Protein chains: 2
Amino acid sequence: MISHKIVPNISVDCVIFGFDFEKLNVLLVERELKDEKSGEILIKDHTLAGYHIFEDEDLDSAAARILKGLTGLDNIFLEQFGAFGQLDRVSSPKDKMWLDYIKKGFADRIITVGYLALIDNTKVTLTLKDRNVAWFPVATVKDMEMAFDHKYLFYTALEALQRKVKVEPIAFQLLPDYFTISQLQKVYEAVLGTSFDKRNFRKKVAQMHYVIPLRKKQQGVPHKPAQYYLFSREVYEKTRKARISFII
Amino acid sequence: MISHKIVPNISVDCVIFGFDFEKLNVLLVERELKDEKSGEILIKDHTLAGYHIFEDEDLDSAAARILKGLTGLDNIFLEQFGAFGQLDRVSSPKDKMWLDYIKKGFADRIITVGYLALIDNTKVTLTLKDRNVAWFPVATVKDMEMAFDHKYLFYTALEALQRKVKVEPIAFQLLPDYFTISQLQKVYEAVLGTSFDKRNFRKKVAQMHYVIPLRKKQQGVPHKPAQYYLFSREVYEKTRKARISFII
DNA sequence: GTTCAGAGTGTACATTATACACATAGTTAA
DNA sequence: TTAACTATGTGTATAATGTACACTCTGAAC
């Protein structure tokens, strides 16, 4: 049984990435503070999905709880990308006003542990209730107003994602259970911000024996229907190369 | 001015790696608890170098402070490898006895942020005072008694090091300012636990334009003296390849 | 001057990366 | 029914990189 007593100086923030077959998106929460009398909007910006951890809760569990609360999803790719404890994390007058407003006994200096989550957009749009939560294209974040140091956390997470995606088979976490090679190529292109030659990309995928063709094709598309594939973690684990050599 | 008031539930642990031209070592602190009357040794094992953070101190600064305290060194490669907050971090009777003994008002559940440090052994052995601190070969750690979850932290750090060393030029941090190619090869072999072909290794190094030969050779060695080289970070930054493609 | 020990070098072959253009299948609209 | 459309899917030649493998060289020590 979870006590729900929070640890005042430790929180977890989730950078939740999603892919909509076109571009990479991030799930953000709108923060709004209105003056109680005039109704004037004093603060309106966005934050990452985050909250304090509970006293009897692991860091990983806290992140999973927050993710589930927002998306309704369990068993999602979720991995730490860093711990942040700069003294000036809450430096703007806006953020101070906010903390003042919610006055829940949070500590002055909060250490936050950042988690990176990857989810398949198609699953989530259904579950999303009419809350103040929405997907934003990753490319638009640079011009957004964000709370605390969340813009910095976001870019740190994005860099971690870009690093990891080159070396581990995590791109599949952004796709449905089955997908076409073109969709897979688009994920890589969206995450890395480049484009690849179609033939060379497919040659590469052909060497990934853990990407397995299904007896299933696209239907109802106004062009030649594409073959569906799935990612097999078992085959990946068995066939992954030792890769001892180093690349610099 | 630092207040020295500790944050009771947040600590930093440093996994300090060193290389002695032969093998990879780690710096550990001996922990000993004697019965006050009988003098009998109740606990004797090893811990990572770690301590609570201060209230007005960044995580990175806390790690640098701990590192400096032990080795006397500044400006060392120091990087986070994870945050750890399992509820059962302090689970053994031994660890509870210890916390009971030092009774400094630490919290029940402490979140620790792990830092990985790489240092050149030759610099440190000089500065090390006769404290309860010593280098241990990495290979011997598996059979050592260690406090808390520090063995787990250690192996997590080692894995992070092995992952990083393949992709970033951090092996140089384990060597003196100038070094021979054989020494560089031995670092890679010690860290990755493999061996490389000498000719192929040198061919690889020849392509790293940031490894620059000096007008300087070994002296007084009973064999052909080796050429010295240095690592130039500037050249590295300028010439590093975009490396957009992915490798799985 | 002979021995010793580690430094330093080259070549052939296999694998992988890169650049590049056209036929195919199914839907839609004339 | 035919033609146009759209994204799928395929091959080849060349360059670059990885891998396997054995001997000469230099200086110190005896």
Side-chain angles (χ1 to χ4, degrees), chain A residues 20-23 165-167 175-176 178-190 192 194-230 239-248, chain B residues 20-23 165-167 175-176 178-190 192 194-230 239-248:
Chain A
D20 58 9
F21 300 121
E22 282 297 328
K23 58 195 171 345
V165 83
K166 291 184 200 169
V167 153
L175 288 171
Y178 48 95
F179 50 84
T180 71
I181 304 280
S182 300
Q183 289 168 347
L184 184 60
Q185 181 172 350
K186 275 199 191 117
V187 175
Y188 277 99
E189 291 177 340
L192 295 172
T194 21
S195 60
F196 297 104
D197 176 82
K198 204 209 299 192
R199 279 169 293 187
N200 293 338
F201 185 88
R202 297 174 98 91
K203 226 181 294 172
K204 189 126 202 171
V205 174
Q207 288 163 231
M208 304 177 183
H209 300 299
Y210 47 86
V211 179
I212 299 170
L214 296 174
R215 301 176 167 282
K216 207 171 193 173
K217 293 194 170 188
Q218 278 183 324
Q219 287 185 334
V221 286
H223 54 77
K224 180 171 175 180
Q227 176 73 241
Y228 280 120
Y229 291 79
L230 65 74
T239 62
R240 63 138 115 219
K241 297 170 193 159
R243 239 187 206 288
I244 288 205
S245 70
F246 52 97
I247 321 131
I248 296 188
Chain B
D20 58 10
F21 299 122
E22 282 297 328
K23 58 197 172 344
V165 83
K166 292 183 199 168
V167 153
L175 288 171
Y178 47 95
F179 51 84
T180 70
I181 304 280
S182 300
Q183 290 168 348
L184 184 61
Q185 182 171 348
K186 277 201 189 113
V187 175
Y188 276 99
E189 291 177 339
L192 295 173
T194 20
S195 60
F196 296 104
D197 176 83
K198 204 210 295 193
R199 278 169 293 187
N200 293 339
F201 185 88
R202 297 174 98 91
K203 225 182 293 171
K204 188 124 203 172
V205 174
Q207 288 162 234
M208 303 177 182
H209 301 298
Y210 48 85
V211 178
I212 299 170
L214 297 174
R215 303 176 166 281
K216 207 170 193 173
K217 292 194 173 188
Q218 277 184 325
Q219 285 185 338
V221 286
H223 55 76
K224 180 171 174 180
Q227 176 75 240
Y228 279 120
Y229 291 78
L230 65 74
T239 63
R240 65 140 114 215
K241 297 169 192 159
R243 231 179 218 294
I244 288 205
S245 70
F246 52 97
I247 319 133
I248 297 189

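By convention in this document, chain letters (A, B, ...) are assigned in the order of the sequence lines, proteins followed by strands, and residues within each chain are numbered from 1. Computation of the quantities below employed the complete heavy-atom set of this structure, encompassing side-chain atoms and omitting hydrogens, waters and symmetry-equivalent molecules. The model shown is predicted, which means the values in this text are computed figures rather than measured ones.
Checked against D/dC21, C/dC20, C/dA7, the side chain of B/His223 finds its nearest nucleotide in C/dA7. Checking D/dT6, D/dG9, C/dT11 against every side-chain atom of B/Lys203, the shortest atom distance belongs to C/dT11. Considering only the side chain of B/Arg202, C/dT9 comes nearest among D/dT8, C/dT9, D/dT19. Listed nucleotides D/dG18, C/dA25, D/dC25 differ in distance to B/Gln207; the shortest reach to its side chain belongs to D/dG18. Distances from the side chain of A/Lys224 to the nucleotides D/dG11, C/dA25, D/dC25 place C/dA25 closest. In this structure, the nucleotide among C/dA7, C/dA19, D/dC21 sitting nearest to the side chain of B/Asn200 is D/dC21. Residue B/Pro222 has its side chain nearest to D/dA28 when only C/dT9, C/dG8, D/dA28 are considered.
Distances shown here put a side-chain N or O of A/Ser182 below 4.0 Å from the OP1 or OP2 atom of D/dT8.
Counting only distance, with no hydrogens or angles, the side chain of A/Asn200 and the backbone of A/Lys203 share no donor-acceptor pair below 3.5 Å. Side chain of B/Gln218 to main chain of B/Tyr228: no donor-acceptor pair is present (N/O by atom type, distance under 3.5 Å, no hydrogens or angles). Side-chain N or O atoms of B/Gln207 include none that pairs as donor or acceptor with a backbone N or O of B/Lys204 at under 3.5 Å.
In this structure, A/Asp197 places its CG atom 16 Å from P of D/dT12, rounding to the nearest Å. Atom CZ in A/Phe246 sits about 12 Å away from atom C1' in D/dG18, given to the nearest Å.
Remark on DNA chain D: of its neighbouring residues A/Tyr229 and B/Lys204, the 5'-side contact belongs to A/Tyr229, judged by nearest-heavy-atom nucleotide.
Taking the six-membered ring where the residue is Trp, A/Phe246 and B/Tyr188 present parallel rings, their angle staying beneath 30° rather than reaching 60°.
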